[in-house]
Protein chains: 2
Amino acid sequence: MSVQERKERERAERERLIVATARELAEQQGWDAVTTRRLAERIEYSQPVLYSHFRGKREIIGAVALQGAAQMAAEVRAATSRANSPRERVAALARAYLDFAARNPAVYDALFQLDGGLAYAQEDTPEPLKDAFAALLESLGEVAGDGVHPGLFTETFWASLHGLATLTRAGRLPPEDAAQRVELLVDRLAVV
Amino acid sequence: MSVQERKERERAERERLIVATARELAEQQGWDAVTTRRLAERIEYSQPVLYSHFRGKREIIGAVALQGAAQMAAEVRAATSRANSPRERVAALARAYLDFAARNPAVYDALFQLDGGLAYAQEDTPEPLKDAFAALLESLGEVAGDGVHPGLFTETFWASLHGLATLTRAGRLPPEDAAQRVELLVDRLAVV
DNA sequence: CTTGATTGTCTAGCGGTGCTAGGATCGAAT
DNA sequence: ATTCGATCCTAGCACCGCTAGACAATCAAG
């Protein structure tokens, strides 16, 4: 038994290595640079080993996305927990969200731009994704305003943040006034 | 002279054919299916001909994007011109924008998701892109509210629409409540 | 009308991609 | 010690974006 257990441990360890390496490589050189050959070389195994852990590149992206979702949820909760008013909580959430997107662009892409083969907004949505949305809902739900469904409000606010994050990073919006845009968004959308 | 003119006409015509075919193929089967080989086959020329018109695939995407920007600007202006109040104009703009994104997903991707090698928000930004932003600014500027820069407001509102468009289409948001989210956005962001 | 240069287009191929079939190797269990 | 199954790698497929160089059509000059 012990032998088998050790093998399973090693296998799980190798899987973590693959995901961590993919993430690292993507952050360093972009997802285009994450080829199965380069990834295999970095983990010092041959290509087919990747396919014994994941169905393909898409699933590797998905694994990075799930990891990222958990991290983002944690960072958002940490930021909002330090705030004392609903208004301040929403502002902290927005800053934390955009900060995460800016500091982890590849992970953010894996989550919301690329196809990681994950289901979103459904019953079979993976737990980390549901929980990340829940982290947003916790702070945004309380400023939805009368007669507005908290979930719908959270979706809308989130979409706005997502738009800012992606357009800014893609060079479609000048980055100088980023803070002002966030302030405007919080001021107008949140009912406090 | 006339011979040379005819050749130039034919060349321009072929270039239009390339862009139109790329757009069509992208809308039908997605940008991944737009390979230089398939594109060449559809226009009934060999691959290298594409490279006598464009530096590479990226520039073809850029050409589709410019065409799309012009079309989007026109559709937005048509929609807003039919509205009679600032509030109604903003709502019409939002609907037209999201409608365009939903009906031309590949073109929308070329504009805002993919790398078409275009400069955004700069002096050397191509005219159609500047004009598309101007089309938004025309209607959004009048509801920015006191003390808020119209350009900054337009950027923020646009980013929110962009977030809704991309997240909805990527399956990150359930499509049923799309209209309610737009309404919420218009109600809260626009000062009327 | 023939020649020669120029222009236009094509065939073929380079190095890369994601992915997989099939053989070699290694370790556990008899 | 020998089998046998799991594990891993080599080699290769079809495809990608892109380009060099051969070839054919066209035109200007003699």
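Residue numbers begin at 1 in each chain, while the letters A, B, ... track the order of the sequences. Just so it is clear, the structure is predicted and the values come from calculations on it, not from any experiment.
- Atom-to-atom, CZ of A:Arg58 to P of C:dG18 comes out at 14 Å; the value is rounded to the nearest Å.
- On a pure distance criterion of 3.5 Å, a polar donor-acceptor pair joins the side chain of A:Arg37 and the base of C:dG18.
- Note: OH (A:Tyr45) to P (D:dA6) measures 18 Å, nearest angstrom.
- Here A:Arg14 reaches the OP1 or OP2 of D:dC8: one of its side-chain N or O atoms lies under 4.0 Å away.
- Residue order along DNA chain C, read from the 5' end via each residue's closest nucleotide, puts B:Ser46 first among A:Gly56 and B:Ser46.
- For the pair B:Arg169 and B:Tyr108, the cation does not sit on the ring face, since its NZ or CZ is not both under 6.0 Å from the ring centre and inside 45° of the axis.
- None of A:Phe133, A:Phe100, A:Trp158 except one satisfies the ring pair (Phe, Tyr, Trp, His ring centres under 6.0 Å) rule with A:Phe112; the exception is A:Trp158.
- Between A:Gln47 and A:Arg11, the one whose closest nucleotide on DNA chain D sits nearer the 5' end is A:Arg11.
- Contact annotation: A:Arg38 reaches the phosphate of C:dT17 (side-chain N/O to OP1 or OP2, under 4.0 Å).
- In this structure, OH of A:Tyr51 is placed 5 Å from C1' of C:dC19, rounded to the nearest angstrom.
- Proximity of A:Thr36 to the phosphate of C:dC19: no side-chain N or O atom is located under 4.0 Å from OP1 or OP2.
- B:Val76 and B:Leu137 are not part of a single hydrophobic cluster, where members link through side-chain heavy atoms under 4.5 Å apart.
- The nearest whole Å value for the distance from the CG atom in A:Leu39 to the C1' atom in C:dG18 is 12 Å.
- Cluster membership check: B:Val182 does not share its hydrophobic cluster with B:Val191, using side-chain heavy-atom separations under 4.5 Å among Ile, Leu, Val, Met, Phe, Trp and Tyr.
- Separating the CH2 atom of B:Trp31 from the P atom of D:dG17 is a distance of 11 Å, rounded to the nearest angstrom.
- Between A:His53 atom NE2 and D:dT7 atom P the separation is 10 Å, expressed in whole Å.
- Tracing side-chain contacts under 4.5 Å through hydrophobic residues (I, L, V, M, F, W, Y), one reaches A:Leu17 starting from A:Val34; they form part of the same cluster.
- When rounded to the nearest whole Å, the span between CG of B:Leu50 and C1' of C:dG8 equals 15 Å.
- In this structure, B:Lys57 places its NZ atom 9 Å from P of D:dC16, rounding to the nearest Å.
- For A:Pro48, the listed nucleotide lying nearest its side chain is C:dT20; candidates were D:dC8, C:dT20, D:dG17.
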